[in-house]
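This report concerns only the one structure given below.
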Amino acid sequence: MINITLLGSTGSIGTSTLDVIRRHPDRFRLFALAANSSIDSIHAQVLEFRPVYAVLVDATAAATLRSRLASSGVETEVLDGEAALETVVSHPDVDAVMAAIVGAAGLRSAWAAAAAGKRVMLANKESLVVAGKLFMDAVAASGAVLLPVDSEHNAVFQCLPAHGRQGVRRILLTASGGPFRTHAIEQLSDITPEQACAHPNWEMGPKISVDSATMMNKGLEVIEAHWLFDAAPDDIQVVVHPQSIIHSMVEYIDGSVLAQMGNPDMRTPIAYALDWPNRIESGVEPLDLFTIGRLDFEAPDPARFPCLGHAYTAIRSGGTAPAILNAANEVAVQAFLDRRIPFLAIPELIGRCMERVESEQPESIDHLLDVDRRARAESEQIIPELV
């Protein structure tokens with residue numbers, strides 16, 4: 001029985017993780033569930049899975065959950081605050097942690113799981129974008145097992161040699177191109193949040209959906225792949241693949257290219273991470289190649305997707321540049337979702353922030369979070385310039 005702490009249990013990755021766990025009650029036990037403030041969702045999850053702990057970062061929401069559970073007879077202890085996340089990932093009874101809190105908000109808890117030597121199933125790419133070297137150092141020092149859950153990195157992980165990167169020439173990260181891949185660029189100025197969140201292949205939350213539409217999601221994945229697989233930026237190529245059937249590929253020096261394929265369903269990489277190196281049933285429909293019929297590939301258009309260029313600039317600059325990039329993007333995406341800036345202003349805001357906030361050498365997680373705060377403040381100052 002594997003004891004699991006699930007961070008971000010009410011989001012899309014969290015609910016998909018619970019669906020896989022639900023299929024294997026003899027294999028997995030939920031030790032702790034954690035969310036920000038979604039009372040109704042986590043209440044239902046607690047009643048079903050009966051974890052030892054439930055965490056709501058928002059103290060008011062946690063108090064409401066305690067009150068609801070008091071009359072239900074469920075013995076789950078409710079904790080609140082950011083520190084409680086670190087408590088439930090580092091607890092000695094925990095074997096594995098699914099780190100699925102969106103954005104830089106998930107960094108400290110994911111890092112705590114790595115530092116505690118747990119199996120870290122990383123669905124929070126921002127942890128490596130913001131704190132790549134420090135995060136990987138924590139994994140190495142503690143002996144933690146780091147398993148990528150992003151479908152692209154999970155695919156690369158499956159296609160790489162069992163030990164090291166012997167014979168690898170390039171990593172090929174596939175990208176759907178999002179909902180606006182074929183739009184004329186002049187049409188993008190009037191894009192609404194609803195349109196940007198309507199991904200053609202994947203069901204995702206609003207932030208990652210917008211990131212897919214701008215291809216910043218792929219830029220963040222390039223940075224993540226750099227740290228996960230010790231790959232130089234020039235050895236990571238993005239390939240637009242509209243069908244989202246090939247989730248990524250690895251090219252070898254002998255001319256071979258290994259690809260991991262499957263229907264676009266996050267339960268596949270989640271199931272692989274949950275019981276690695278074993279494979280378990282995930283609930284995903286088998287792949288029907290005859291129905292798919294064809295697989296297309298194209299190079300990303302830098303004029304249409306300037307966010308991808310910003311990400312390559314950040315990883316080549318090093319230091320805290322990726323943290324600045326990520327903070328600016330999170331502010332820009334939220335401003336777009338709130339209808340404070342237009343869609344095309346997202347890459348413009350990011351570019352200006354990267355120019356104005358100087359990159360530094362990261363010294364600690366606290367230092368990186370301070371850089372994150374400064375970049376967010378600068379991004380807010382830039383927003384009025386773009387309206």
Side-chain angles (χ1 to χ4, degrees), residues 11-13 15-16 102-103 123 125-126 150-153 155 172-222 224 237-248 261-269 284-285 287 291-312 325-326 328-351 386:
S12 60
I13 296 295
T15 54
S16 292
V102 175
K125 61 175 62 66
E126 290 83 0
D150 271 349
S151 61
E152 296 81 1
H153 301 91
L172 305 173
L173 294 179
T174 56
S176 70
F180 312 129
R181 179 179 60 86
T182 60
H183 280 49
I185 293 178
E186 55 267 22
Q187 293 180 290
L188 300 181
S189 58
D190 297 324
I191 292 299
T192 66
E194 291 77 14
Q195 290 172 313
C197 289
H199 194 281
N201 301 333
W202 296 93
E203 293 183 12
M204 304 181 292
K207 195 270 182 182
I208 192 171
S209 295
V210 175
D211 281 349
S212 179
T214 65
M215 210 174 271
M216 177 56 87
N217 191 42
K218 208 54 49 180
L220 298 178
E221 289 173 7
V222 168
E224 185 180 8
Q237 181 178 353
V238 174
V239 179
V240 176
H241 168 50
Q243 291 89 356
S244 297
I245 296 300
I246 293 178
H247 299 301
S248 276
M261 304 171 66
N263 283 314
D265 190 317
M266 285 304 299
R267 289 177 297 176
T268 296
V284 177
E285 288 295 318
L287 183 64
T291 299
I292 294 163
R294 59 182 288 172
L295 302 174
D296 297 302
F297 308 94
E298 60 190 62
D301 180 357
R304 182 184 302 276
F305 301 116
C307 285
L308 186 57
H310 288 329
Y312 272 100
L325 168 93
N326 182 72
N329 179 63
E330 290 192 15
V331 171
V333 169
Q334 191 59 54
F336 167 68
L337 290 171
D338 293 340
R339 293 177 165 80
R340 298 169 63 198
I341 61 173
F343 181 75
L344 289 178
I346 294 174
E348 180 67 20
L349 188 156
I350 295 165
L386 303 174

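Computed from heavy atoms alone, side chains included, the values below leave out hydrogens, waters and symmetry copies.
Of all heavy-atom pairs between G262 and H247, the closest is O-NE2, 2.9 Å. When every heavy atom of P269 is checked against every heavy atom of S151, the shortest pair comes out as CG-CA, 4.1 Å. The minimum heavy-atom distance between S248 and A155, with the atom names listed, is N-CB, 3.7 Å. Taking each heavy atom of H241 and D296 in turn, the nearest pair found is ND1-O, 2.9 Å. Here the closest non-hydrogen pair linking A175 and K218 is CB-CE, 3.4 Å. The two atoms that bring F305 and A213 nearest to each other are CE2-O, 3.6 Å, heavy atoms only.
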Test log, rule side-chain contact (heavy atoms from CB on, under 4.5 Å), inputs M261 and L295: CA-CA 11 Å; M261 304 171 66; L295 302 174; 4.0 Å; yes
Check against side-chain contact (heavy atoms from CB on, under 4.5 Å), M216 and I350: CA-CA 10 Å; M216 177 56 87; I350 295 165; 3.6 Å; yes
Working for salt bridge (charged side-chain N to carboxylate O under 4.0 Å, His left out), residues R340 and D338: CA-CA 5 Å; R340 298 169 63 198; D338 293 340; 5.0 Å; no
Steps toward salt bridge (charged side-chain N to carboxylate O under 4.0 Å, His left out) verdict (K125, E152): CA-CA 11 Å; K125 61 175 62 66; E152 296 81 1; over 6 Å; no
M215 vs C307, side-chain contact (heavy atoms from CB on, under 4.5 Å): CA-CA, chis, key distance, verdict: CA-CA 6 Å; M215 210 174 271; C307 285; 5.7 Å; no
side-chain contact (heavy atoms from CB on, under 4.5 Å) between Q243 and R294, intermediate numbers included: CA-CA 9 Å; Q243 291 89 356; R294 59 182 288 172; 4.1 Å; yes
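Of the possible donor and acceptor atoms, one in the side chain of S16 sits under 3.5 Å from a partner among the backbone N and O of S12.
The line from NZ of K207 to CG of N329 is 5.0 Å long, rounded to the nearest 0.5 Å. A distance of 13.0 Å separates CG in L349 from CG in L344, rounded to the nearest 0.5 Å. Interatomic distance, CZ of F180 versus CD of Q195, reported as 5.5 Å (0.5 Å rounding). For the atom pair CE (M266) and OG1 (T268), the distance works out to 9.0 Å, reported to the nearest 0.5 Å. Between the OG1 atom in T174 and the CD atom in Q237 there is a gap of 11.5 Å [rounded to 0.5 Å]. In this structure, CD1 on I346 lies 10.5 Å from CG on L386, to the nearest 0.5 angstrom.
Enclosure of atom CD in E285 is not indicated, since only 12 or fewer non-hydrogen atoms of other residues, nucleotides or ligands lie within 6.0 angstrom.
Between F336 and F343, the ring-plane angle classifies as perpendicular under the 30° and 60° cut-offs.
Looking at heavy atoms from C-beta onward, L172 lies out of side-chain contact with I246 at the 4.5 angstrom threshold. Under the 4.5 Å side-chain criterion, counting only non-hydrogen atoms from C-beta, L287 is in contact with I292. Inter-residue side-chain proximity for L220 and L325 is flagged as met; some heavy-atom pair is nearer than 4.5 Å. With contacts defined as side-chain heavy-atom distances shorter than 4.5 Å, the pair R339/P193 qualifies.
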